Amino acid sequence: MPTYKAPLDDIRFVLDEVLDVGQLTALRGYEDAAPDVLLAVLEEGGKLCEEVLAPLNQQGDAEGCRLENGVVRTPTGFKEAYAAFREGGWPAMIADPEYGGQGLPRLTRFVFDEMLCSANLSFSMYPELAHGATALLERWGDPELKRRFLPKLVDGTWGGTMCLTEPHAGTDLGIIRTKAVPAGDGAYQVTGTKIFISAGDHDLTENIVHLVLAKLPDAPPGTKGISLFLVPKYLPTEEGAIGTPNGVSVGSLEHKMGIKGNATCVLNFDGAKGWLVGAPHKGLRVMFTMMNGARLGVGMQGLGLAEVAYQNAVAYTKERTQGRALTGPQNPRGEADPIIVHPDVRRMLMTMRAYTEGMRALAYWVGLLIDVEERHPEEAKREEAADLVALMTPVIKGFLTDVGFEVTNLGLQCFGGHGYIREFGMEQFVRDARIAQIYEGTNGVQAMDLVGRKVPEGGGRLLKRFAALVERDLAAAQADERLKEFAAPLAKAAASLQQATMGLMMRAMQNPNEAGAVAAEYLRLFGLVATGWMWLRMATVAQRKLAEAAEQGRTLNGAGHRYDAKLKTARFYFTKLLPQAHALTAQIAAGAAPVMDLEAAAF
Ligand SMILES: Cc1cc2nc3c(=O)[nH]c(=O)nc-3n(C[C@H](O)[C@H](O)[C@H](O)COP(=O)(O)OP(=O)(O)OC[C@H]3O[C@@H](n4cnc5c(N)ncnc54)[C@H](O)[C@@H]3O)c2cc1C
């Protein structure tokens, strides 16, 4: 059975030493959010993930969810685990204190999300959707909706969903058919079928708050005619108790490749009572609060699964003995050496490690930016952070889930045939990771968002802000002899990214297919460079700490090993992974013709 240990040392390193999260205390409302406080909370969260959620993961996969008499039953143990989750106050972590939340920084939730996803991705999605619904209502709900629904969402008594997809409308939400007609009392009657709804029904909470995209009778066509409605499973009474069932039923449960412990439902809305959230026909804008949060959350799924796959691969490759090291026996008393001695196995482990640690730093940096965007006292800082979050959202979603899938696959490979066998749990990580590349806007859609909207926005303003940060750190590193080995390859890759961007933008002005045809390669290139920048920042810290200790004649014990390992892993990233940037640049420069020349009829 796979195991999970919250990677608190690395979390602490990134938060404290690389990102300097102490700066959060300068933000409005976060005066008490000192690093020690956040880390203490995360330590507790880590224990819940290790001790309660991870042990249920494999069983949840084997059992899956069941639909019984129209109600979804979650796998054995999920109910009790959810009760512990709720009693521990975890749903309220970052919610608004006005509605019972703890008001912790958003970054805290990012880190906690990673751990939840490592421990039990299927479970994590139930509270995650409620968390998204909470954020949406906090921002867009009118006072009455907030009063009736937020306290129960915040304390985890009620769950949430996002209902966008219909059988004929996935990526293209402009063509949804679900209708909402005014009921005359300020509410609406919502009718239609939604498919693939995560956590669409379950037995963990007493009520579920569905956020549903639908069209009003006078809706203009396309995405400009979409409105958003809050439709509860049960209509709450004035006192906030659950009242009569609303017209929402589960048509069926999807049978799927992974995340089997999470209920993916077909939901039928038959004149169900709902309330408009936000302005009529402006629902997509409102839903984007939830979707952007969910995109970042899905990125954390890629990271979380990469981490747990890596941990299990390390443990297995130290134990499993096969063959001898190429340089001679390392375990002469045994009949074979542990497979970690083999360079090809080491290649896999280093790839997993370098990506995972790099992605962690990148994701947490974006988490910190969200707090800065919302609460920094200076407007200029808030604007800068908002631009960077917008730019990075498709990168976090696309790059972390693509790489997360690759890392889980490498983890399976480290186990050989045993990786393919259920009992060891590695194939579950691969299956679970696969969906993250698809939902919340496929990674193809993320790539189009990056090249079609985020990069050109404001004449390249977002990108310039990012480039300025990378250049600042590069300039400092290039001036330091000990950091040149890291700065030089990053400078080259960053120049490649700039060259690719300019070429792509010029060609796309002539022909939009030029952007679409290379968007996925561009997103990958962007993710590699951004992760490289994080590796430069991590190597800079590690190098400085080691040098300071050496100068002062101090021994660093465990921390010394960790800094040393950081430098060695950074070296691997810069020499073995980042060079992909140059091949990608050539692929991007090849443009749309090789992709589009073969006419559709010839396929
Ligand atoms: C397990 C699971 C859970 C889900 N949970 C939810 C949920 O909670 N709520 C919800 O509303 N939905 C949910 N979804 C739906 C999910 O978001 C969609 O499946 C996804 O957005 C893609 O839509 P589609 O499946 O219709 O594929 P399509 O839109 O048909 O896309 C098929 C392929 O065409 C590509 N494509 C389509 N349009 C374009 C374009 N314009 N440019 C370039 N490429 C394009 C896509 O990238 C993809 O590769 C879930 C799906 C699954 C499988």
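Starting from 1, each residue takes its place in the sequence as its number. Any value given below was found using the heavy atoms of this structure, including those in side chains, with hydrogens, waters and symmetry copies removed. Only a predicted model underlies this, so the values are computations on that prediction, with no experimental measurement involved. Read the numbers this way: they start at 1 and go in the same order the structure lists the ligands and their atoms.
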Single hit among V430, V407, T356, T408 for side-chain contact (heavy atoms from CB on, under 4.5 Å) with L305: T408
Closer than 4.0 Å: a protein non-hydrogen atom to atom 8 (O) of ligand 1: yes
Heavy-atom closest pair, residues A436 and Q301: CB-OE1, 4.0 Å
Approximate separation, where rounding is to 0.5 Å, of L116 CG and Y126 OH: 14.0 Å
Side chain, backbone, both or neither: the part of K194 lying under 4.0 Å from ligand 1 by heavy atom: neither
Atom 41 (N) of ligand 1 protein-contacted, heavy-atom criterion under 4.0 angstrom: no
Structural part of T171 in contact with ligand 1, heavy atom criterion under 4.0 angstrom: both
Gap between atom CD1 of I94 and atom CG of L107 - 0.5 Å precision: 10.0 Å
Non-hydrogen side-chain atoms of K233 and W158 separated by less than 4.5 Å: no
Test of proximity, V445 against ligand 1: N or O pairs below 3.5 Å: no
Minimum heavy-atom distance between V72 and D201, given as atom pair plus value: N-OD2, 2.9 Å
Within-shell test, E440 vs ligand 1, heavy atom, strictly < 4.0 Å: yes
Close N or O approach (T442, ligand 1; < 3.5 Å): yes
Close N or O approach (S198, ligand 1; < 3.5 Å): yes
Partner of L228 under side-chain contact (heavy atoms from CB on, under 4.5 Å), chosen from L213, L164, V212, T289: L213
Under-4.0 Å protein heavy-atom contact, atom 45 (C) of ligand 1: no
Cationic N near anionic O, under 4.0 Å, K215 to E166: no
K397/E440 ion pair, N-O < 4.0 Å: no
Taking atom 24 (P) of ligand 1 as the reference point, the nearest protein heavy atom with its distance: G170 CA, 4.0 Å
Atoms of ligand 1, numbered as shown, that sit under 4.0 Å from any heavy atom of I435: 1 (C), 2 (C), 52 (C), 53 (C)
Closest protein heavy atom (residue, atom, distance) for atom 4 (C) of ligand 1: F196 O, 3.0 Å
Ligand 1 contact on T165 by region, counting heavy-atom pairs under 4.0 Å: both
Nearest non-hydrogen protein atom, atom 16 (C) of ligand 1: Y439 CB, 3.9 Å
Heteroatom distance test (L164, ligand 1): nitrogen or oxygen, under 3.5 angstrom: yes
Mutual orientation of the aromatic rings belonging to F112 and F85 [parallel < 30°, tilted 30-60°, perpendicular > 60°]: parallel
Distance-only polar pair, side chains of E63 and T76, donor-acceptor under 3.5 Å: yes
Any G444 heavy atom less than 4.0 Å from ligand 1: no
Heteroatom distance test (I438, ligand 1): nitrogen or oxygen, under 3.5 angstrom: no
Sub-4.0 Å protein heavy atom near atom 33 (C) of ligand 1: no
Working for side chain to side chain contact (heavy atoms under 4.5 Å, CB included), residues R139 and V286: CA-CA 9 Å; R139 167 108 191 257; V286 178; over 6 Å; no
Shortest protein contact, atom 43 (C) of ligand 1 (heavy atom only): M448 CG, 4.9 Å
Heavy-atom protein contact below 4.0 Å for atom 30 (O) of ligand 1: no
Sub-4.0 Å protein heavy atom next to atom 51 (C) of ligand 1: yes
Salt bridge flag under 4.0 Å for residues R461 and D387: yes
Where ligand 1 meets I197 - atom numbers and elements under 4.0 angstrom, heavy-atom basis: 7 (C), 8 (O), 9 (N), 10 (C), 11 (O)
